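So that the names make sense, note that chain A is the first sequence line, chain B the second, and so on, each numbered from 1. Worth saying up front: this structure is predicted, and the values here are computed from it rather than measured.
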Amino acid sequence: MLPRAFPPSRRLGRSFYARSTLEVAPELVGCVLVLRRPRSVVAVRLVEVEAYLGDGQDAASHAHAGKTRRNSEMFETPGRLYVYFTYGMHHCMNVVCEARGRAGAVLLRAAEPVLGETTMRRRRNRGGLELTNGPAKLCAALGLDLRANGMDLVEGPLGIWSGERPRRLERSPRIGISRARDLPYRFFDPDSSYVSRGRIPH
DNA sequence: CCATAGATTGACT
DNA sequence: GTCAATCTATGGA
């Protein structure tokens with residue numbers, strides 16, 4: 001059973017996502033991601049995200065060299081999910097931004113558990129900060145894989161609700177990339193202990 | 001606490 | 001063939 005004051009506010013609509021990726025990314029921090037499944041509900045508060053821009057503007061973006069089979073969802077309808085598989089075993093999830101036909105996405109890197117912690121512990125086989133303090137950990141805690149690629153956030157079982165703005169918001173270069181290391185496209189709530197510990201490459 | 005090596009596979013050059 | 005928007009175990013201070 002959900003708490004009475006849940007969802008916390010308003011579900012983000014198509015127009016929220018259909019803007020420049022760099023505008024959307026910082027606004028996602030503090031929002032609440034909810035996934036309703038037949039036998040479980042999980043909700044997390046987003047505390048760390050990264051913007052990845054379109055074709056030619058951002059050397060670290062999957063869309064940098066144009067549309068391919070893997071990244072095609074980055075060019076699709078805003079407000080959908082772009083999930084990719086990496087390092088032979090991990091999935092990471094992004095929120096698609098920009099008008100359809102223009103690439104852009106926000107990687108969801110870390111979040112705080114709000115509801116369904118038991119479900120997440122089972123999926124992660126771990127607890128505490130290890131539940132959701134990294135992009136692949138978050139995806140695993142939600143039980144999402146490539147089958148969720150293209151899932152709509154505006155309608156259906158997966159959605160994002162606006163939440164209380166974080167007291168502070170910081171930005172920095174992105175984690176774990178080897179190109180465009182100077183671009184400050186990572187946004188996070190410095191007061192959350194769930195922010196990922198990702199190493200910054202030299 | 002910190003640093004590092006290994007895992008493991010699909011996408012792309 | 002190379003490399004990846006990462007995680008975990010392990011070993012040392």
Side-chain angles (χ1 to χ4, degrees), chain A residues 17 20-26 28-29 33 44 46-76 78 80-98 102-113 120-151 153 160 170-189 192-202:
Chain A
Y17 302 103
S20 84
T21 307
L22 280 174
E23 246 180 291
V24 173
L28 283 172
V29 177
L33 177 73
V44 297
L46 302 175
V47 298
E48 179 184 359
V49 304
E50 286 176 356
Y52 287 88
L53 308 187
D55 208 342
Q57 315 172 61
D58 176 1
S61 172
H62 287 172
H64 179 57
K67 196 189 283 192
T68 65
R69 174 142 85 255
R70 176 170 75 158
N71 70 18
S72 66
E73 198 58 46
M74 285 185 77
F75 295 77
E76 262 302 329
R80 304 215 307 212
L81 214 56
Y82 164 48
V83 180
Y84 66 87
F85 177 74
T86 191
Y87 290 102
M89 63 193 92
H90 299 304
H91 299 276
C92 297
M93 62 191 291
N94 297 249
V95 169
V96 175
C97 299
E98 308 283 348
R102 235 188 119 112
V106 178
L107 173 68
L108 307 185
R109 284 195 59 89
E112 295 173 352
M120 291 190 273
R121 267 204 302 271
R122 184 171 62 247
R123 289 174 178 152
R124 287 277 301 130
N125 200 28
R126 275 172 182 75
L129 299 178
E130 294 299 309
L131 240 33
T132 48
N133 68 348
K137 298 176 188 178
L138 176 59
C139 223
L142 290 163
L144 298 176
D145 57 26
L146 283 180
R147 291 170 295 184
N149 191 38
M151 217 173 158
L153 288 152
I160 300 180
E170 287 187 6
R171 68 188 291 181
S172 79
R174 295 168 291 186
I175 303 293
I177 53 169
S178 53
R179 289 174 296 187
R181 291 189 303 251
D182 44 326
L183 299 178
Y185 290 170
R186 172 176 178 246
F187 302 90
F188 61 98
D189 174 357
S192 174
S193 52
Y194 282 84
V195 167
S196 72
R197 304 210 284 108
R199 305 150 283 252
I200 304 191
H202 70 289

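Following rounding to the nearest Å, A:Y82 (OH) and B:dA11 (P) show an atom-to-atom distance of 10 Å. Note: CZ (A:R70) to C1' (C:dC3) measures 10 Å, nearest angstrom. The nearest whole Å value for the distance from the OH atom in A:Y84 to the P atom in C:dA5 is 6 Å. In this structure, A:L53 places its CG atom 15 Å from P of C:dA5, rounding to the nearest Å. Rounded to an integer number of Å, the gap from CG of A:N125 to C1' of C:dC7 is 14 Å. Between the CG atom of A:N94 and the P atom of C:dT6 there is a distance of 11 Å, rounded to whole Å. Per the geometry, CZ belonging to A:R179 stands 7 Å off P belonging to C:dA4, to the nearest Å. Spacing between atom CG of A:N149 and atom C1' of B:dG10 amounts to 14 Å, rounded to whole angstrom units.
To the nearest 0.5 Å, atom CZ of residue A:R109 and atom CD of residue A:E50 are 4.5 Å apart.
For A:S193, the side chain to side chain donor-acceptor pair (under 3.5 Å) test picks out no residue, with sequence neighbours left out. Remark: A:R69 pairs with no residue by the salt bridge (charged side-chain N to carboxylate O under 4.0 Å, His left out) rule, at least two apart or across chains. Legend: residues meeting salt bridge (charged side-chain N to carboxylate O under 4.0 Å, His left out) with A:R186, ordered by chain and number and at least two apart, are A:E48. In this structure A:E98 satisfies the salt bridge (charged side-chain N to carboxylate O under 4.0 Å, His left out) test together with A:R102, sequence neighbours excluded. A search for ring pair (Phe, Tyr, Trp, His ring centres under 6.0 Å) contacts involving A:H91 returns A:F85, not counting sequence neighbours. Among residues two or more places apart in sequence or in another chain, the salt bridge (charged side-chain N to carboxylate O under 4.0 Å, His left out) test is passed with A:R123 by none. A:N149 pairs by the side chain to side chain donor-acceptor pair (under 3.5 Å) definition with nothing, not counting sequence neighbours.
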Taking only distance into account, with no hydrogens and no angle test, what donor-acceptor pairs under 3.5 Å do side-chain atoms of residues 56-65 of chain A form with protein atoms, sequence neighbours excluded?
| residue | atom | partner | partner atom | Å |
| --- | --- | --- | --- | --- |
| A:D58 | OD1 | A:A60 | N | 3.1 |
| A:D58 | OD1 | A:R174 | NH1 | 3.4 |
| A:D58 | OD1 | A:R174 | NH2 | 2.9 |
| A:D58 | OD2 | A:L53 | N | 3.0 |
| A:D58 | OD2 | A:R174 | NH1 | 2.7 |
| A:S61 | OG | A:L53 | O | 2.6 |
| A:S61 | OG | A:A63 | N | 3.0 |
| A:H62 | ND1 | A:Y82 | OH | 2.7 |
| A:H62 | NE2 | A:R70 | NH2 | 3.4 |
| A:H64 | ND1 | A:D58 | O | 3.4 |

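The stretch residues 58-69 of chain A comes close to DNA chain B through A:T68, A:R69, each having a heavy atom under 4.0 Å from the strand.
For DNA chain C, runs of at least 3 consecutive pairs of the Watson-Crick or G-U wobble type, with both hydrogen-bonding distances under 3.5 angstrom, map to B:1-7 with C:6-12, B:9-12 with C:1-4.
Among residue pairs with one or both ends in residues 140-149 of chain A, those qualifying as salt bridge (Lys or Arg N to Asp or Glu O under 4.0 Å) are A:D145-A:R147; sequence neighbours excluded.
With distances taken from any side-chain atom of A:R197 to the nucleotides B:dC2, C:dA5, B:dG10, the minimum falls on B:dC2. The A:A136 side chain lies nearest to C:dC7 when the options are C:dC7, C:dA5, B:dT9.
Of the possible donor and acceptor atoms, none in the side chain of A:R124 sits under 3.5 Å from a partner among the backbone N and O of A:R121.
Looking at which nucleotide of DNA chain B each of A:L146 and A:M89 is closest to, the 5′-most match is held by A:M89.
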Completion exercise
For nucleotides 8-13 of chain C, 5' to 3', base contacts (B), sugar-phosphate-only contacts (S) and non-contacts (-) with protein non-hydrogen atoms under 4.0 Å give BS----

